[in-house]
2 protein chains.
Amino acid sequence: MTLPRLKRSTLGDDVYDSLRAAVLEHTLAPGDRVNIDALARDLEVSPTPVREALARLESEGLVRKRPLAGYTVSPLLTRAEFNDMFDMRLLLECAAARWAAERATPEQRGTLVTEAARTVEGGDEHAWHAAFTALDAHVHDLVAQASASPLLRESITRLHAHLHLHRRYFPYAQTAVTNDEHQLLAAAISDHDPDRAESAMREHLIHARARHLVAFDE
Amino acid sequence: MTLPRLKRSTLGDDVYDSLRAAVLEHTLAPGDRVNIDALARDLEVSPTPVREALARLESEGLVRKRPLAGYTVSPLLTRAEFNDMFDMRLLLECAAARWAAERATPEQRGTLVTEAARTVEGGDEHAWHAAFTALDAHVHDLVAQASASPLLRESITRLHAHLHLHRRYFPYAQTAVTNDEHQLLAAAISDHDPDRAESAMREHLIHARARHLVAFDE
DNA sequence: CCTTCGTAGATCCTATAGGATCTTTCCTGT
DNA sequence: ACAGGAAAGATCCTATAGGATCTACGAAGG
């Protein structure tokens, strides 16, 4: 008998979740100064758990700390850093796709195919874009999870946080193409075909990088 | 004129360094409970910076937190987790070796060859072993640095922290072989030969895993 | 007009105190 | 002898207060 491992949480963790969401949603925009006391007042907690949350966020690179001068939200990636991130994605996620094709459970293959086939319904443009981004992240996480490597999945998740910071500047079009690529990837993994899974992921990421890079042209 | 960017530090950072070193040196052994108040008294600081340091360490996986029950030093890796870590090392460090061979500066190639050729001098067995481990980590970091990918280097550094936790249980012998492998790797990178660099790293890591895995046989 | 210096304000960093929770130990009952 | 429960101790979590530092604005001098 396995119980769902009841979740006890602390204020620090709650603040962390809230702050992380705020940064990812651009409620706190890149470059903004983060005032500890003001945040504590807004969230109606003391500064201590806020400091704890910020320390964790800094370790993940979402905020920067300047000693005796306060925290700021990490600035957006430069073109070079963005390319570096995609080099890492290619390295990590191609391996994840390969391992997923080799080691995923039948349930995982099924879920992956189902989720990759999902499409996002109407709503206003902003909400629709947010939903689509969330779905994209979810598909990639399913692959990472199916790779059966906890360390690999964690690394990928960490990268995606930085990717998410840029989503506002991604082009709204071409989402249908993304969806097609996801389905090819899911099919390859479902078919136990590592080579095809890896190359599908590679194609998908290379195309995604090209799609996103236009945002860096002024 | 570029000044060395004077380093201001906070108590929290100092505590972090001290604590991280204590964990890596097994002054705080895996599984040990970490008493916040006691630590604050020993280090002669208040609990707040200690909490901040622990939050960062938890984010790196060096300590674990159980809400309302305190922190503990992360336990040693299981055999499966250890294998997973080496799978990640193979993925990350082989790519690092390849990129280093392609992109390293002349200075980096020179330093790498020099450091890979270094040997550790006498001293008592414990100190000697510690020095050798440090040298090994240094060589691998030089490769990561030469890869010219900040994200890749950071990921590798993160992995090596966990590897370091196990060093006490590594075999003392066969260090000469390790040194030879490092020199082969350095030579390949120095020669601008990506294929040979990657395979040299792969061989090295596969052999290293085999050497270390004996520690898991009881 | 530009640069430099000094002061005021705001912010961060650290320390201490009180309430809530968990762990351990001891005792009682079966 | 063992299982179950209760109370004491220790520990963690949160809140508040005070000292040190940085930033920004304004004034004086070149």
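Letters go in sequence order (proteins before strands), and every chain restarts at 1.
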- [ ] Identify whether any heavy atom of A/V34 sits under 4.0 Å from a base atom; if not, whether one sits that close to sugar-phosphate; answer base, sugar-phosphate or nothing.
- [x] sugar-phosphate
Whole-Å distance, A/E44 CD to D/dC13 P, equals 22 Å
Testing D/dT23, D/dC12, D/dA15 for proximity to the side chain of A/R66, the answer is D/dT23
Between CG of A/D37 and P of D/dA17 the distance, given in whole Å, is 13 Å
B/E58 CD to D/dC13 P, in whole Å, measures 10 Å
OP1 or OP2 of C/dA10 versus the side-chain N and O atoms of A/N35: is any pair under 4.0 Å? no
Closest of D/dA15, D/dC12, C/dC22 to the B/I36 side chain is D/dC12
For B/G12 and B/A53, the nearest pair of non-hydrogen atoms, with its separation, is O-CB, 4.0 Å
From the candidates D/dC22, D/dA15, D/dT14, the one with an atom nearest any side-chain atom of A/L11 is D/dT14
Which of C/dC13, C/dC12, C/dC22 is nearest the side chain of A/K65? It is C/dC13
Testing C/dA15, D/dC12, C/dC22 for proximity to the side chain of B/S46, the answer is C/dA15
| said: Set out, in order, the CA-CA distance, both residues' side-chain angles and the distance that settles side-chain contact (heavy atoms from CB on, under 4.5 Å) for B/L151 and A/E81, then state yes or no. | reply: CA-CA 9 Å; B/L151 288 172; A/E81 289 169 338; over 6 Å; no
Q: Answer yes or no: is there an ion pair linking A/R167 with A/D136, defined by an N-O contact shorter than 4.0 Å?
A: no
To the nearest angstrom, the CG-P distance between A/L39 and C/dC12 comes to 9 Å
Could you check whether B/R56 pairs with B/E52 (Lys NZ or Arg NE/NH1/NH2 to Asp/Glu carboxylate O, under 4.0 Å)?
no
#### Entry: Cation-pi check, A/R89 onto A/F86 ring (under 6.0 Å, within 45° of axis)
yes
When rounded to whole Å, the CD to P distance for the pair A/E52 and D/dA15 reads 12 Å
Closest to the side chain of A/R51, out of D/dT23, C/dC12, C/dT16, is C/dC12
5'-most contact on DNA chain D (nearest-nucleotide basis), B/T48 vs B/R33, goes to B/R33
